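Have a look at the structure below before the remarks.
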Amino acid sequence: MLRFGLCCIFKDQPIKFRQTTATTLRKLPRQDQLYKLSEICLANTQSVKKALQFSADNGIGAFRIPTPLFPRYTHSEVGYTLDDLPAADEIKNECAKIKSFRENKDIRLSLHPDQFNVLSSFREEVVKNTVNELEYQGILAELVGAEIINVHVGGSYGNKPESLDRMARNFHLLSERVRLRLTLENDDVSYTPSDLLPVCDELGIPFVYDIHHHRCLPDGMSEQETSGKCVSLWQKFGREPYFHISSPRNGWQQGNPRPHADYIDPQDFPPCWHHLNVTIDIEAKAKELAVFQLRVDLGL
DNA sequence: GCATGTCAAGTTGTG
DNA sequence: CACAACTTGACATGC
């Protein structure tokens, strides 16, 4: 069975996630900052619950939680912990509901920390911030029962082996809570599946295969072979594999193929995936509509 | 109301 | 050298 996953936000569904910025918060007294943050965090956890309900109602088996669910949590000036917030108990209660709903309905939850998280950096400050942010993601993941914290390696700085070594060393700075959830994903500028599969094997963590990135940055390994290796790595941990797919906004023939299209072109869906038991996150701008359309196009 | 500029963080490739 | 792209626009401000 193929399990399709939604990413972060919705196109048509009235499910919204709120945000705020450090600049805005800085203008408020601490008390007001915490009140504002409390409202946002509570609203966002309620939105995750709605997203899960929508998924359950529509046969969608995975949801990627927006990274800034608790906005500015790790910020050096305006950061906070849940217990600082007036609605801390309510927020934790919502998270507990998300966790049990997820378990009952078998919906997988993942997190995808953004590009500022660079475990391969040679700058101590960057690594420190990255660890900090990943630890926040770990706390969030534990609260809501998210299984995966998926990251890119980041910079290669002109020397991939050395950068991967740094990443592997910095991996051990992370708590078990984060290490047990961390996965690596191939990107479209530096690290290919061939680069990452051995590293993942060494670190004992799974590999998330993004086929669009692979097509933008090929490594000579076929899609079928890469899929197979990804599947066996996940099977080693007794877990269901995770794939990502998207289509190029302007097609493969003209311009930059990296920007994502609104929908998935069924031609871009690899035939070798059809018979697998895997989770496939649909990275398309039309969001839930793209998942529905793809199911129709593939005759599912 | 609506248009517009801004928002914590990193790295890379393109024009 | 500026800017877009990346998993993703939303929010605050000012007219």
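Below, all heavy atoms of this structure are taken into account, side chains as well, without hydrogens, waters or symmetry copies. Just so it is clear: chains get the letters A, B, ... in the order the sequence lines come, proteins before strands, and each one is counted from 1. The shown structure was predicted, so the numbers you read here are calculated from the model rather than taken from an experiment.
Rounding to the nearest 0.5 Å gives a distance of 9.5 Å between NZ of A/Lys92 and CG of A/Leu85.
The distance between atom CG of A/Asp262 and atom C1' of C/dG9, rounded to the nearest whole Å, is 15 Å. In this structure, CG of A/Leu69 is placed 15 Å from C1' of C/dT7, rounded to the nearest angstrom. In this structure, CD of A/Gln19 is placed 18 Å from P of B/dT6, rounded to the nearest angstrom. Rounded to a whole Å, the NZ atom of A/Lys287 is 10 Å from the P atom of C/dA10. Atom CD1 in A/Ile15 sits roughly 17 Å away from atom C1' in C/dG9 (whole-Å rounding). The separation between A/Asn150 atom CG and C/dC6 atom C1' is 13 Å, rounded to whole Å. The nearest whole Å value for the distance from the CG atom in A/Leu25 to the P atom in B/dC7 is 13 Å. In this structure, CD1 of A/Ile9 is placed 15 Å from C1' of C/dC11, rounded to the nearest angstrom.
Remark: the A/Asp114 side chain and the A/Thr67 side chain contain no N/O donor-acceptor pair separated by less than 3.5 Å.
Across the P atoms, B/dG10 and C/dA10 are found 24 Å apart, a figure rounded to whole Å. To the nearest whole angstrom, the two C1' atoms, one in B/dC7 and one in C/dT8, are 14 Å apart. C/dG9 sits 15 Å from C/dA4 when the C1' atoms are compared, rounded to a whole Å. C/dC3 and B/dG5 have their P atoms separated by 13 Å, with the value rounded to a whole Å.
Linking Ile, Leu, Val, Met, Phe, Trp and Tyr whenever their side-chain heavy atoms come within less than 4.5 Å puts A/Val278 and A/Leu184 in one cluster.
The aromatic rings of A/His214 and A/Tyr209 stand perpendicular to each other, their planes meeting at an angle above 60°, with 30° marking the opposite boundary. Note on ring orientation: taking the six-membered ring where Trp is involved, the planes of A/Phe70 and A/Tyr136 are tilted (angle from 30° to 60°).
The phosphate of C/dC6 (OP1 or OP2) has no side-chain N or O of A/His212 nearer than 4.0 angstrom. Contact check, A/Lys27 against C/dA12: no side-chain N or O comes under 4.0 Å of OP1 or OP2. OP1 or OP2 of C/dT7 has at least one side-chain nitrogen or oxygen of A/His152 nearer than 4.0 Å.
Applying the side chain to side chain donor-acceptor pair (under 3.5 Å) test to A/Lys160 and every residue at least two apart in sequence or in another chain returns A/Asp195. Annotation: side chain to side chain donor-acceptor pair (under 3.5 Å) contacts of A/Asn104 (sequence neighbours excluded): none.
Residues A/Trp273 and A/His244 keep their aromatic ring centres 6.0 Å or farther apart. Two rings, from A/His213 and A/His152, have their centers less than 6.0 Å apart.
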Checklist entry - Could you run down nucleotides 8-15 of chain B 5' to 3' and tag each one B, S or - for protein heavy-atom contact under 4.0 Å? => result BBBSSS--

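Applying a 4.0 Å cut-off to non-hydrogen atoms, none of the residues of residues 28-38 of chain A approaches DNA chain B.
Among the atoms of the strands shown, only primed sugar atoms or phosphate atoms (P, OP1, OP2) are found under 4.0 Å from some heavy atom of A/Lys285. Residue A/Cys8 is in base contact, counting any heavy-atom pair closer than 4.0 Å across all strands shown.
The hydrophobic cluster containing A/Val208 also includes A/Ile148, A/Trp234, A/Tyr242, under a criterion of side-chain heavy atoms closer than 4.5 Å among ILVMFWY residues, counted directly or through chains of members.
A/Arg102 places a side-chain N or O within 3.5 Å of a backbone atom of A/Gly145 that can act as its donor or acceptor partner.
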Item to check | Under the 3.5 Å Watson-Crick or G-U criterion, the dot-bracket string of DNA chain B, with | for inter-strand pairs | outcome: |||||||..||||||

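Atom CD of A/Glu142 is surrounded by more than 12 heavy atoms from other residues, nucleotides or ligands within 6.0 Å.
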